[in-house]
Trainee: 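Input: one structure, supplied below.
Proteins come first, then strands; the chains are lettered A, B, ... in the order of their sequence lines, and each starts at number 1.
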Protein chains: 2
Amino acid sequence: MTLNTMPGHLIRRLHQHSTQVFQQRMKAAGLDLTPVQFAAMGAVKDTPGIDQASIAAAIAYDRATIGGVIDRLISKGWVARNVSKRDRRAREVFLTDKGAQVFAEVLPLVAALQDDVLTGLSDAERAQFCALAQKVSDAFEAG
Amino acid sequence: MTLNTMPGHLIRRLHQHSTQVFQQRMKAAGLDLTPVQFAAMGAVKDTPGIDQASIAAAIAYDRATIGGVIDRLISKGWVARNVSKRDRRAREVFLTDKGAQVFAEVLPLVAALQDDVLTGLSDAERAQFCALAQKVSDAFEAG
DNA sequence: CAGAAATTGTATGTGTGCATATTAGTAGGC
DNA sequence: GCCTACTAATATGCACACATACAATTTCTG
């Protein structure tokens, strides 16, 4: 089959590689943190007290998935959640002190690992790849 | 956060878009078929009687995952599985007539949908993206 | 202000994705 | 032939991913 020439397959392979690099680096740093959990913590750090639906929107995930992600972050003690007073449907999410500390520790690691995600490319090629990916991603969001 | 500039996040978004396009097209065609199931059927079509470990290797999936994928293809009646006579550990997998028919119907749809996966790019840009993705994918496989 | 529409979070069900352990079977070295 | 190393599937457990449905609220509209 022509599977290896299909963008869909290539993208899946890239995603697979990307998550593997992430997990390896986290494990090497002695941390149990997934890409989704990292992204969610970032959204919470950017907007303390953010509700779960807004987290989902910010990092482009499903509302149902985020509930479980936050559950797991709470069980790690990195995040706290309480019912909002303004809207009793919503839950306000915050980083705990420990969570803020972990995130500060992890952010440079995640930033550093991004180059390894695009192994085998030169700086120029990486920039080119990102520009193209951004373009597709924007078109996706628009339509 | 700088999430939107991170290759890892961009790749995840691309993957998300890619699978959504796939599911939409399948649904529009009245078919219940996932990307993994399609890839697995392709591997079986290429090598009738292939064992599950070889399918996993061919399409870069986990051996444990493939078992479930084949289970679901069997329950749809598109694939058959039997214990190999040469190696009683292994299971030989084949397309059923119905499965071969479905695959023949679906292949052109999947080929056609690839351009939509890279929405917003010109032909030249799509080619460029694929070349870069291929390069990363190859480097990944090598190391 | 009452009823309708929209929204938040949760529950449920299906399908990956992968690590680890186990069982069953094969093959190589002696 | 026998023990060991390897290998194919499966089982288990955890973490997404997302569609759909639902209960509790809030907001919009007349």
Side-chain angles (χ1 to χ4, degrees), chain A residues 8-9 11-24 26-27 31-41 49-76 81-93, chain B residues 8-9 11-24 26-27 31-41 49-76 81-93:
Chain A
H9 181 73
I11 289 169
R12 188 186 66 80
R13 292 285 284 148
L14 256 44
H15 184 235
Q16 196 176 31
H17 179 223
S18 171
T19 53
Q20 274 177 29
V21 168
F22 192 99
Q23 298 288 18
Q24 277 167 13
M26 289 305 111
K27 195 176 176 184
L31 284 162
D32 180 27
L33 185 72
T34 68
V36 202
Q37 288 167 13
F38 167 76
M41 286 181 81
I50 190 174
D51 65 293
Q52 296 183 186
S54 301
I55 295 175
I59 62 180
Y61 275 92
D62 190 84
R63 213 160 77 258
T65 302
I66 291 300
V69 172
I70 299 297
D71 285 349
R72 285 181 283 277
L73 286 173
I74 288 173
S75 72
K76 286 190 223 284
R81 176 173 54 190
N82 62 266
V83 175
S84 166
K85 280 167 191 160
R86 283 171 293 96
D87 186 340
R88 300 228 308 282
R89 290 170 305 182
R91 313 297 159 89
E92 295 171 340
V93 183
Chain B
H9 182 73
I11 288 169
R12 187 186 68 80
R13 292 286 283 148
L14 255 45
H15 184 234
Q16 194 176 32
H17 179 224
S18 171
T19 53
Q20 275 178 29
V21 168
F22 192 99
Q23 297 289 18
Q24 276 168 15
M26 289 307 111
K27 195 176 178 182
L31 284 163
D32 179 27
L33 184 72
T34 68
V36 202
Q37 288 167 12
F38 166 76
M41 287 180 80
I50 191 173
D51 63 296
Q52 295 182 189
S54 301
I55 296 175
I59 63 181
Y61 274 92
D62 191 84
R63 218 161 71 255
T65 302
I66 292 301
V69 172
I70 300 297
D71 285 349
R72 285 181 282 278
L73 286 173
I74 288 173
S75 73
K76 286 189 222 288
R81 177 173 52 190
N82 62 265
V83 174
S84 166
K85 281 167 191 159
R86 283 172 293 94
D87 185 339
R88 300 228 310 282
R89 291 168 304 182
R91 314 296 161 90
E92 295 172 340
V93 183

Trainee: Kindly write out the residues that satisfy side-chain contact (heavy atoms from CB on, under 4.5 Å) with B:Ala53, not counting sequence neighbours, or none if the list is empty.
Mentor: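 Applying side-chain contact (heavy atoms from CB on, under 4.5 Å) to B:Ala53 gives B:Asp51, B:Arg63.
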
Trainee: Detail all sub-3.5 Å separations between protein N/O atoms and N/O atoms belonging to nucleotides 3-5 of chain C.
Mentor:
none

Trainee: Roughly how far apart are B:Leu33 CG and B:Met26 CE, rounded to 0.5 Å?
Mentor: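 Rounded to the nearest 0.5 Å, the CG-CE separation comes to 6.0 Å.
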
Trainee: Applying side chain to side chain donor-acceptor pair (under 3.5 Å), can you list everything that pairs with B:Lys76, at least two apart in sequence or on another chain?
Mentor: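 By the side chain to side chain donor-acceptor pair (under 3.5 Å) rule, B:Lys76 matches B:Asp32.
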
Trainee: 5' to 3' on DNA chain D, which nucleotides open and close the contacts with chain A (atom under 4.0 Å from a heavy atom)?
Mentor: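 From 5' to 3', the first and last contacting nucleotides are D:dA15 to D:dT26.
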
Trainee: Within the structure provided, determine whether A:Tyr61 and B:Arg12 are in side-chain contact (heavy-atom separation under 4.5 Å).
Mentor: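 Yes. Closest side-chain heavy atoms under 4.5 Å.
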
Trainee: Got a sec, which residues hit side-chain contact (heavy atoms from CB on, under 4.5 Å) with B:Asp71, two or more places apart in sequence or on another chain?
Mentor: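 Listed in chain order: B:Arg81.
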
Trainee: Assign a letter to each nucleotide of nucleotides 8-18 of chain C from its 5' end: B, base within under 4.0 Å of a protein heavy atom; S, sugar-phosphate only; -, no contact.
Mentor: BBSB---SSBB

Trainee: By salt bridge (Lys or Arg N to Asp or Glu O under 4.0 Å), which residues pair with B:Arg89, not counting sequence neighbours?
Mentor: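 Partners of B:Arg89 under the salt bridge (Lys or Arg N to Asp or Glu O under 4.0 Å) test: B:Asp87.
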
Trainee: Compare every heavy atom of B:Ile55 with every heavy atom of B:Ile70, then report the nearest pair and how far apart it is.
Mentor: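 Distance-wise, the nearest heavy atoms are CD1-CD1, 3.9 Å.
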
Trainee: For B:Thr65, what residues pass the side-chain contact (heavy atoms from CB on, under 4.5 Å) criterion, not counting sequence neighbours?
Mentor: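 Only B:Asp62, B:Val69 meet the side-chain contact (heavy atoms from CB on, under 4.5 Å) criterion with B:Thr65.
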
Trainee: Please, which pairs that meet salt bridge (charged side-chain N to carboxylate O under 4.0 Å, His left out) have at least one residue in residues 13-22 of chain A, sequence neighbours excluded?
Mentor: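 Matches after skipping sequence neighbours: A:Arg13-B:Glu141.
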
Trainee: Of all residues at least two apart in sequence or in a different chain, which pass the side-chain contact (heavy atoms from CB on, under 4.5 Å) check with A:Gln23?
Mentor: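 A:Gln23: side-chain contact (heavy atoms from CB on, under 4.5 Å) contacts with A:Thr34, A:Pro35.
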
